[in-house]
Amino acid sequence: LNTLPDSISQMKSLKTLDLSSNKLKTLPEGIGDFANLEDLNLNINALNTLPDSIGHMKNLKTLGLEGNKLKILPESIGGLSNLKDLNLNGNKLQTLPESIGDLANLEDLNLGNNALNKLPDSISQIKSLIKLYLGGNKLKTLPESIGDLANLEDLNLEYNDTLKTLPDSIGKLGKLKELNLDGNKLQILPESVSGLTNLENLSLNHNALHTLPDNIGQIKSLEILGLEGNKLKILPESIGGLSNLYYLNLSNNALNTLPDSIGKLKNLTTLELLSNKLKRLPESIGGLENLQNLNLTINALNTLPDSIIE
């Protein structure tokens, strides 16, 4: 299917329209006349533009535009006042219109695998947002206003190759449960991350971290911590405060020692220490009573503490 006839908009009662996996390059202006449409699937087409009338569909709740060729979005998209799910993954977007902040009921926004180098401040107005996927873009920074997304639970920023810092306001995301920052160029984390009091999964694999904030142990809710492929030489003593942690990946760093507090991680079941520079392990490691998987391959260990054998 290459084109849609204008007459399609005469189906006034239509609630669901699936046009995915076609070859549509444009949509007729009449698309905006679907006053009752709730679900519009345009995934996997060849759309390079959207008509201004797209913003007239006031009852639309789900809009799928994944895998098209969109470079810009019309300002009118902010008119989709009841939209809950917007999927724009795999397009060619470089910027977003300020009107994106008018999507007052949006809960799931997927902007992954585009060419975004910045976000508009207005994105912070989408207070209803629960999931925000921004992986595979070209973001250099995040706006300070990102911390205003008070209901956000899942934030994915993986593989934005130029992302070097996070704003302090990241710590205001008190409902955040998952934060994926894999494959960036982060050298430090702001101390404010300790404010993420509901965070369960923090993934920082393949960055350039030299150190962790001293207060990281305050994130008591943390269950999974991925730090593979960084430049860590030491860990803060406070890491022992992560009492709910069950998975810790520290492979491919430059650790030459572990803090005694590591033994306080009583719920830890997996500890990955592959390819570091460890010369010894603390006796306290024997206190990891629930540990099931311990990887010490490619280190400089000559002996193991008696507490492990016991």
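Values below: all heavy atoms of this structure, side chains included; hydrogens, waters and symmetry mates excluded.
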**Q** Which donor-acceptor pairs under 3.5 Å do the side chains of residues 95-105 make with protein atoms, sequence neighbours left out?
**A**
from: E98; atom 1: OE1; to: S122; atom 2: OG; distance (Å): 3.1
from: S99; atom 1: OG; to: E75; atom 2: O; distance (Å): 2.6
from: S99; atom 1: OG; to: E75; atom 2: OE1; distance (Å): 3.2
from: N105; atom 1: ND2; to: S81; atom 2: O; distance (Å): 2.7

**Q** Hey, does the side chain of D18 reach the backbone of S20 with a donor-acceptor pair shorter than 3.5 angstrom?
**A**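 Yes, because the side chain of D18 sits within donor-acceptor range (under 3.5 Å) of the backbone of S20.
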**Q** Report yes or no: does N249 contribute a side-chain atom to a donor-acceptor pair with the main-chain N or O of G226 at less than 3.5 Å?
**A**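 No, the answer is negative, given that no donor and acceptor are paired below the 3.5 Å cut-off.
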**Q** Under a 3.5 Å threshold, yes or no: a donor from one side chain and an acceptor from the other, between N41 and N43?
**A** yes
**Q** Hey, which of T197, N201, L242, N198 is the one that makes side-chain contact (heavy atoms from CB on, under 4.5 Å) with L222?
**A** L242
**Q** Indicate yes or no for a side-chain donor-acceptor contact from N113 to the backbone of N91 under 3.5 Å, with no hydrogens or angles considered.
**A**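 Side chain of N113 to backbone of N91: no pair is present.
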**Q** Measuring from K131:NZ to E107:CD, what's the distance to the nearest 0.5 Å?
**A** 10.0 Å
**Q** Does L278 offer a backbone N or O that forms a donor-acceptor pair with the side chain of N299 under 3.5 Å?
**A** yes
**Q** Is the side chain of N89 donor-acceptor paired with the backbone N or O of G67 at a distance under 3.5 Å, no angle test?
**A** no
**Q** Do you know which of I170, N160, L157 makes side-chain contact (heavy atoms from CB on, under 4.5 Å) with L181?
**A** L157
**Q** Under a single-linkage definition using a 4.5 Å side-chain heavy-atom cutoff for Ile, Leu, Val, Met, Phe, Trp and Tyr, are L60 and L24 assigned to the same hydrophobic cluster?
**A** yes
**Q** Could you tell me whether the side chain of N215 and the main chain of E191 form a donor-acceptor pair under 3.5 Å?
**A** yes
**Q** Counting neighbours of NZ on K277 that are heavy atoms of other residues, nucleotides or ligands and sit closer than 6.0 Å, is the number greater than 12?
**A**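 Counting other residues, nucleotides and ligands, NZ of K277 stays at 12 neighbours or fewer.
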**Q** Hey, is the main chain of G241 close enough, under 3.5 Å, to the side chain of K220 for a donor-acceptor pair?
**A**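 Checking the backbone N and O of G241 against the side chain of K220, a donor-acceptor pair under 3.5 Å is found.
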**Q** Can L116 and L139 be said to form a side chain to side chain contact (heavy atoms under 4.5 Å, CB included), step by step?
**A** CA-CA 6 Å; L116 296 170; L139 295 172; 4.2 Å; yes
**Q** Determine yes or no for a side-chain-to-main-chain donor-acceptor pair under 3.5 angstrom, with N295 supplying the side chain and T297 the backbone.
**A**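 Yes, N295 side chain to T297 backbone: donor-acceptor pair under 3.5 Å.
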**Q** Supply the members, apart from Y247, of the Ile/Leu/Val/Met/Phe/Trp/Tyr cluster built from side-chain contacts under 4.5 Å; use none for a lone residue.
**A**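 Its cluster partners, ordered by chain and number, are I224, Y246.
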**Q** What verdict does the side chain to side chain contact (heavy atoms under 4.5 Å, CB included) test give for L281 and L296, after you've listed the backbone C-alpha separation in whole Å, the side-chain angles of each residue and the deciding distance to 0.1 Å?
**A** CA-CA 10 Å; L281 297 177; L296 293 164; 3.9 Å; yes
**Q** Show which residues join I72 in its hydrophobic cluster (side-chain heavy-atom contacts under 4.5 Å, direct or indirect), or state none.
**A**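 Its cluster mates, by chain and number: none.
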**Q** Please answer whether the main-chain N or O of D182 pairs with a side-chain N or O of N180 as donor and acceptor at a distance below 3.5 Å.
**A**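 Yes: the side chain of N180 pairs with the backbone of D182.
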**Q** Carefully, step by step, assess L50 and L65 under the rule side chain to side chain contact (heavy atoms under 4.5 Å, CB included).
**A** CA-CA 10 Å; L50 297 175; L65 289 161; 3.8 Å; yes
**Q** Check L227, L179, L196, L245 against L202 for a side-chain contact (heavy atoms from CB on, under 4.5 Å) and give me the one that passes.
**A**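 The residue from L227, L179, L196, L245 that satisfies side-chain contact (heavy atoms from CB on, under 4.5 Å) with L202 turns out to be L179.
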**Q** Please check if any side-chain donor atom of E228 sits under 3.5 Å from a side-chain acceptor atom of S251, or the reverse.
**A** no
**Q** Test L248 against L265 for side chain to side chain contact (heavy atoms under 4.5 Å, CB included), laying out the working first.
**A** CA-CA 10 Å; L248 177 56; L265 302 177; 4.3 Å; yes
**Q** Any sub-3.5 Å donor-acceptor pair from N137's side-chain atoms to L111's backbone N or O?
**A**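 Looks like yes, one N/O pair under 3.5 Å.
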